[in-house]
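Contents: one structure, followed by commentary.
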Amino acid sequence: MTKLAIIGGTGLGQMKGLKIISTKSLDTPFGQPSADYVLGSIKNLEVIFLARHGNPHTIPPHKINYQANIWGLKKLGVTDIIAVAAVGGITQAMTPTHIAIPDQIIDYSYAREHTFFTNDLDAVTHIDFTYPYNQSLRDHLTQAAKKENLLISTTGTYGCSQGPRLESIAEIKRMEQDGCDLVGMTGMPEAALAKELDINYATIALVVNWAAGKSAGEISMAEIEGHLKKGMDNVITLLTSFISSWKSC
Ligand code: HPA
C-alpha cells in the first residue's frame, strides 16, 4: 500500500481541494515538526499535508526541523512525498511562473541536521543518492502536466542555498557554472532525509523570480509574491491531476 504526502512550501500553506478529515500533532525523537499533519483526501485519495514553514508561515528555511517533518511522515505510513517549492530561476527556460520537476540537486546549505544516521549506529551508513528524486513520481508528474497542457521543464538541477537571504550575483554565477538551473532554500536536507527513510520523493518547483543578476536590479518580495500568486494555480492543477492518475496505478 502506498500513502502520499504533500509538503507545501512558501505560497502553499494550505492545500486547495483537500477535504480535511483530521489533524495530527506528533512529537518525534528529533523534536516538533513544522506544524500538525493534516489528514484528508483529494479525489478520494488519502493524502497527508504538511506546511513546511509552519502554520502560520513563520519558520525560515534554516530553522525548519527537516528531521522531525520527515520522521513524522514515515511514522504516519507515508511512502511517497511530493514537495512543493518556490525557487529562483537561473537558466534561460526558468522564467518566473514556470514549473520544473528537478532531477538533480546540489547542496550549498550548511549547519542543518542533515542525516538520521549519526548516533546509536550498528554500522556506519552511506545511502545512495545518485538519483535524489524518484523517477516514477517524476514520470507521473510529467504525464499529468501533459494531460493538463502545462508546459513544464521535466528535468533541472536544483541548488539549495542556506538562506534566509537571497544570493549575490557572484553566488548565482558560481551555481550556474556548477550546473544549477534553479535555486531554492529547502530542498536539502529534505530530499536526503526522505531517501534515508526509504520514502519516494519528488519536487514541483515553481519559479517565482529570476535569481540574482539574471534580471536588472534587485529582487523584491512584491515580485516574488506576485509570481507565487500567478503560478500556484498551475501547481494545484498539476498536483490534482497527478493524484487522479497516481491513485489508479
Ligand atoms: N534564491 C533562493 N531561494 C529562492 C529564490 C531565490 O532567488 N526565490 C525563491 N526561493
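These numbers come from a predicted model, not from an experiment. Residue numbers run from 1 in the order of the sequence given.
How far CG of D233 is from CG of L228: 11.5 Å, rounded to the nearest 0.5 Å. The CD atom of E196 lies 11.0 Å from the CD1 atom of I199; values are rounded to the nearest 0.5 Å. Here the CG atom belonging to L182 is positioned 8.0 Å from the OG1 atom belonging to T157, to the nearest 0.5 angstrom. Going from atom OG1 of T2 over to atom CG of D80 covers 6.0 Å, rounded to the nearest 0.5 Å. Atom CG of L39 is separated from atom CD1 of I20 by 10.0 Å, given to the nearest 0.5 angstrom. Remark: N209 CG to T97 OG1 distance equals 11.5 Å, nearest 0.5 Å.
With contacts defined as side-chain heavy-atom distances shorter than 4.5 Å, the pair D181/I90 does not qualify. Within the 4.5 Å cutoff, the side chain of Q67 has heavy atoms near those of the N65 side chain. For the pair N134/Y201, no side-chain contact is recorded, criterion being any heavy-atom separation below 4.5 Å from C-beta on. Looking at I101 and I204, their side chains come closer than 4.5 Å, going by heavy atoms from C-beta outward. Side-chain atoms of E46 and S41, non-hydrogen and from C-beta on, never get closer than 4.5 Å to each other. A heavy-atom distance below 4.5 Å is not found between the side chains of T203 and R138. Taking the side chain as every heavy atom from C-beta outward, T115 and T125 never approach each other to under 4.5 Å. Considering only heavy atoms from C-beta on, L12 comes within 4.5 Å of M232 through its side chain.
Ionic pairing of K74 and D198 is not present here: no N-O contact between side-chain nitrogen and carboxylate oxygen is shorter than 4.0 angstrom. Taking a cutoff of 4.0 Å between a charged side-chain nitrogen and a carboxylate oxygen, R165 and E171 qualify as a salt bridge.
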Apply side chain to side chain contact (heavy atoms under 4.5 Å, CB included) to M175 and Y108, showing your working.
CA-CA 9 Å; M175 291 176 90; Y108 300 89; 3.5 Å; yes
Derivation of the side chain to side chain contact (heavy atoms under 4.5 Å, CB included) call for V38 and L18
CA-CA 9 Å; V38 181; L18 178 70; 3.8 Å; yes
When you look at S245 and H140, which way does the side chain to side chain contact (heavy atoms under 4.5 Å, CB included) test go after all the steps?
CA-CA 8 Å; S245 66; H140 273 89; 4.2 Å; yes
Quick one, R112 with M188, criterion side chain to side chain contact (heavy atoms under 4.5 Å, CB included). Give me CA distance, side-chain angles, the key distance, then yes/no.
CA-CA 9 Å; R112 299 182 180 188; M188 288 292 280; 5.6 Å; no
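Around CD of Q104, the count of heavy atoms belonging to other residues, nucleotides or ligands within 6.0 Å exceeds 12. Within 6.0 Å of the OH atom in Y131, the count of heavy atoms belonging to other residues, nucleotides or ligands does not exceed 12. Heavy-atom neighbours of L151 CG from other residues, nucleotides or ligands within 6.0 Å: at or below the threshold of 12.
Heavy-atom minimum distance, A145 versus L238: N-CD1, 3.5 Å. In plain terms, the two heavy atoms of V207 and G88 that are nearest each other are CG1-C, 4.2 Å. The shortest non-hydrogen separation linking D36 to S25 is OD1-CB, 3.3 Å. Contact record, G89 with W210: O-CE3, 3.3 Å, taken as the closest heavy-atom pair. A pairwise comparison of heavy atoms in A202 and L137 identifies CB-CB, 3.8 Å as the closest pair. Of all heavy-atom pairs between T130 and D128, the closest is OG1-OD1, 2.6 Å.
If you check the side chains of S34 and N69, you find a donor sitting under 3.5 Å from an acceptor. One side chain, S241 or E148, offers a donor N or O that lies under 3.5 Å from an acceptor on the other. Using modelled atom types and a 3.5 Å distance limit, the side chains of D103 and Y158 yield no donor-acceptor pair. If you check the side chains of Q143 and D139, you find no donor sitting under 3.5 Å from an acceptor. Judged purely by distance below 3.5 Å, without hydrogens or angles, the side chains of E167 and S161 pair a donor atom with an acceptor atom.
Under a hydrophobic-cluster definition in which Ile, Leu, Val, Met, Phe, Trp and Tyr are linked whenever side-chain heavy atoms come within less than 4.5 Å, directly or via other members, V235 and V87 are assigned to different clusters. Residues I48 and I82 are members of separate hydrophobic clusters, defined by side-chain heavy-atom contacts under 4.5 angstrom among Ile, Leu, Val, Met, Phe, Trp and Tyr. Placement of F49 and I64 in two distinct hydrophobic clusters is found when ILVMFWY residues are connected by side-chain heavy-atom separations under 4.5 Å, directly or transitively. Tracing side-chain contacts under 4.5 Å through hydrophobic residues (I, L, V, M, F, W, Y), one never reaches L150 starting from M94; they form parts of separate clusters. Cluster membership check: V208 shares its hydrophobic cluster with M185, using side-chain heavy-atom separations under 4.5 Å among Ile, Leu, Val, Met, Phe, Trp and Tyr.
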What pairs of donor and acceptor atoms, side-chain ones from residues 51-59 against any protein atom, are under 3.5 angstrom apart with sequence neighbours left out?
{"unit_1": "R52", "atom_1": "NE", "unit_2": "E190", "atom_2": "OE2", "d": "2.8"}
{"unit_1": "R52", "atom_1": "NH1", "unit_2": "V84", "atom_2": "O", "d": "2.9"}
{"unit_1": "R52", "atom_1": "NH2", "unit_2": "V84", "atom_2": "O", "d": "3.4"}
{"unit_1": "R52", "atom_1": "NH2", "unit_2": "E190", "atom_2": "OE1", "d": "2.9"}
{"unit_1": "H53", "atom_1": "ND1", "unit_2": "I59", "atom_2": "O", "d": "2.8"}
{"unit_1": "H57", "atom_1": "NE2", "unit_2": "T10", "atom_2": "OG1", "d": "3.3"}
{"unit_1": "T58", "atom_1": "OG1", "unit_2": "P56", "atom_2": "O", "d": "3.3"}

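Between the T79 side chain and the K3 main chain, a donor and an acceptor come within less than 3.5 Å of each other. Judged by distance alone, the side chain of D178 and the main-chain N or O of C180 form no donor-acceptor pair under 3.5 Å. Using a distance-only test at 3.5 Å, with no hydrogens or angles considered, no donor-acceptor pair links the side chain of K195 to the main chain of I127.
With sequence neighbours excluded, the residues satisfying ring-ring contact (aromatic ring centres under 6.0 Å, His included) with W71 are F30, F116. With sequence neighbours excluded, the residues that form a side-chain hydrogen bond (donor to acceptor under 3.5 Å, both in side chains) with S153 are H98.
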